[in-house]
Amino acid sequence: IFLDFSGFLCYVIDMIKLIDTRKELLESRIEGIHHAIAKMREEATSATRASVEIAIEALALPELKKIEAQLAEVLAEKS
């Protein structure tokens, strides 16, 4: 019985490490998207501002929402 419990415990510990790694990766991706959005807005000129906002809404924000949902799933798994 001890061997079964020991193996299970190792499995649980490995899963916790995997969840923590995935959480860190997703948080990093979210931070990167926020940084990219800020940089695009900072570098936009009056002539490109509207196009930049369209690109952000069409590309960056949907990806950000997808990653935030994945992060919420990971956090739910952890608790």
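Since the model is a prediction, treat every value here as computed from it, not as a measurement.
Legend: residues meeting side-chain hydrogen bond (donor to acceptor under 3.5 Å, both in side chains) with Thr48, ordered by chain and number and at least two apart, are Thr45. In this structure Lys39 satisfies the side chain to side chain contact (heavy atoms under 4.5 Å, CB included) test together with Glu42, Glu43, sequence neighbours excluded. Partners of Thr21 according to the side chain to side chain contact (heavy atoms under 4.5 Å, CB included) rule, which considers only residues two or more places apart in sequence or in another chain, do not exist here. For Glu24, the side-chain hydrogen bond (donor to acceptor under 3.5 Å, both in side chains) criterion is met by no residue, not counting sequence neighbours.
The stretch residues 46-60 participates, sequence neighbours left out, in these salt bridge (charged side-chain N to carboxylate O under 4.0 Å, His left out) pairs: Arg41-Glu53.
Put simply, CD1 on Ile33 and CD1 on Ile56 are 11.5 Å apart, with the number rounded to the nearest 0.5 Å. To the nearest 0.5 angstrom, Met40 atom CE is 10.0 Å from Ser51 atom OG.
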Could you pull out every donor-acceptor pair under 3.5 Å between side chains of residues 58-77 and any protein atom, sequence neighbours left out?
unit_1: Glu63; atom_1: OE1; unit_2: Lys66; atom_2: NZ; d: 3.3
unit_1: Glu63; atom_1: OE2; unit_2: Arg29; atom_2: NH2; d: 2.9

